[in-house]
Amino acid sequence: MANHIIKHLVIDIEKTIGNKLLLLGVRPYAGYKEGVKGEQEGLAFNCLSETMDFEKVDIKVAGIMKPPFEFDGTPVPVEFEGLESKVWQDWNNKGEVKLSITAKNISLLANSGGKQIKLGGDKT
C-alpha cells in the first residue's frame, strides 16, 4: 500500500533543493518508452544543493542539446525555471525512494551574493 501513496505526494521542489545550486556537470539523457531507451531528449545537470546538506541532484531540461551558457567543468552557481518533481521507488535498489526533477530552463545565477563554495578543500 505504501508504494501507492508515493505517486500522490506533492513536493515543493524549490523549497526542497533551494535556490543555491552549484552546477558540477552536464550529460545528455535519453527518454524511455516501455523500458526501451530512445533518442536523446535533453540534458541532465548535476548540481550540489546547499539546502539538502550538499547532496547532489540531477535536474533534467528537455529540448536542449547543449548548455545555454559556457560551461568548462568548473563549478558555477545556477538557477532553474519551471521546476517540477515526482517521487518514485527504485525496485531494482531495494525500493529506495528517489526524486526525479525537471525544469523548463537553466541560467547562470546573476548574483551569487559574493559567497562561493570551494571544492577540494580550497581556502577562500
Side-chain angles (χ1 to χ4, degrees):
M1 179 152 159
N3 60 347
H4 296 291
I5 294 171
I6 287 178
K7 68 180 179 181
H8 298 290
L9 290 177
V10 177
I11 306 290
D12 185 334
I13 194 60
E14 291 183 26
K15 284 184 181 177
T16 301
I17 65 172
N19 58 4
K20 294 181 181 178
L21 296 169
L22 193 64
L23 177 61
L24 303 176
V26 180
R27 64 176 171 73
Y29 79 89
Y32 286 83
K33 294 201 183 197
E34 298 178 16
V36 178
K37 187 175 181 177
E39 298 293 317
Q40 180 180 348
E41 290 186 358
L43 295 175
F45 296 88
N46 184 255
C47 297
L48 198 64
S49 168
E50 185 176 338
T51 303
M52 291 179 57
D53 294 329
F54 300 99
E55 285 286 326
K56 291 179 183 177
V57 294
D58 283 334
I59 302 170
K60 295 178 181 178
V61 180
I64 62 172
M65 301 303 161
K66 67 178 192 169
F69 50 82
E70 188 79 26
F71 180 67
D72 63 4
T74 302
V76 292
V78 294
E79 60 185 346
F80 291 89
E81 295 174 32
L83 285 168
E84 294 182 4
S85 68
K86 67 179 180 178
V87 178
W88 62 284
Q89 273 185 295
D90 183 355
W91 294 110
N92 294 324
N93 196 13
K94 299 180 183 177
E96 183 177 324
V97 176
K98 296 190 175 184
L99 193 58
S100 177
I101 308 170
T102 60
K104 301 284 184 209
N105 199 11
I106 179 175
S107 59
L108 290 174
L109 194 58
N111 182 9
S112 61
K115 183 179 178 184
Q116 292 184 342
I117 300 171
K118 296 285 187 178
L119 300 179
D122 291 346
K123 303 277 187 221
T124 307

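All residue numbers refer to positions in the sequence shown, counting from 1. As a basis for the values below, the full set of heavy atoms in this structure was taken, side chains included, without hydrogen atoms, waters or symmetry mates.
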_side chain to side chain contact (heavy atoms under 4.5 Å, CB included) for Phe80 and Leu21? Distances and angles first, verdict last._
CA-CA 9 Å; Phe80 291 89; Leu21 296 169; 3.7 Å; yes
*Going through the checks in order, is the side chain to side chain contact (heavy atoms under 4.5 Å, CB included) test met by Glu41 and Tyr29?*
CA-CA 6 Å; Glu41 290 186 358; Tyr29 79 89; 3.8 Å; yes
*Apply side chain to side chain contact (heavy atoms under 4.5 Å, CB included) to Ile106 and Val78, showing your working.*
CA-CA 7 Å; Ile106 179 175; Val78 294; 4.1 Å; yes
*Under the side chain to side chain contact (heavy atoms under 4.5 Å, CB included) rule, what do Arg27 and Asp58 come out as? Steps first, then yes or no, please.*
CA-CA 10 Å; Arg27 64 176 171 73; Asp58 283 334; 3.2 Å; yes
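Leu99 and Leu9 end up in the same hydrophobic cluster when Ile, Leu, Val, Met, Phe, Trp and Tyr side chains are linked at under 4.5 Å. Taking hydrophobic clusters as Ile, Leu, Val, Met, Phe, Trp and Tyr residues chained together by side-chain heavy-atom distances below 4.5 Å, Met52 shares a cluster with Ile101.
Of all the heavy atoms in Phe54 and Leu48, the pair that sits closest is O-CD1, 3.1 Å. Of all heavy-atom pairs spanning Ile59 and Thr102, the tightest one is CG2-C, 4.2 Å. In plain terms, the two heavy atoms of Phe71 and Leu24 that are nearest each other are CZ-O, 3.7 Å. Of all heavy-atom pairs spanning Val97 and Gln89, the tightest one is CG2-CG, 4.0 Å. Contact detail for Val61 and Lys104: the closest heavy-atom pair is CG1-O, 3.7 Å. Of all heavy-atom pairs spanning Ile11 and Ser85, the tightest one is CB-OG, 3.5 Å.
Here the CD1-CD distance, from Ile13 to Glu84, works out to 10.5 Å after rounding to the nearest 0.5 Å. The CD atom of Glu50 sits 9.0 Å away from atom CG of Asn19, with the distance rounded to the nearest 0.5 Å. Glu79 CD to Glu14 CD: the interatomic distance, rounded to the nearest 0.5 Å, is 10.5 Å. Note that SG of Cys47 and NZ of Lys20 are 15.5 Å apart. Values are rounded to the nearest 0.5 Å. The distance from the CG atom of Leu22 to the NZ atom of Lys56 is 11.0 Å, given to the nearest 0.5 Å.
Within the 3.5 Å criterion, the main-chain N or O of Lys15 finds a donor-acceptor partner in the side chain of Asp12.
Side-chain contact between Ile17 and Leu83: present, with at least one pair of heavy atoms (C-beta onward) separated by less than 4.5 Å. Pro75 places none of its side-chain heavy atoms less than 4.5 Å from the side chain of Leu23.
Atom NZ of Lys98 is surrounded by more than 12 heavy atoms from other residues, nucleotides or ligands within 6.0 Å.
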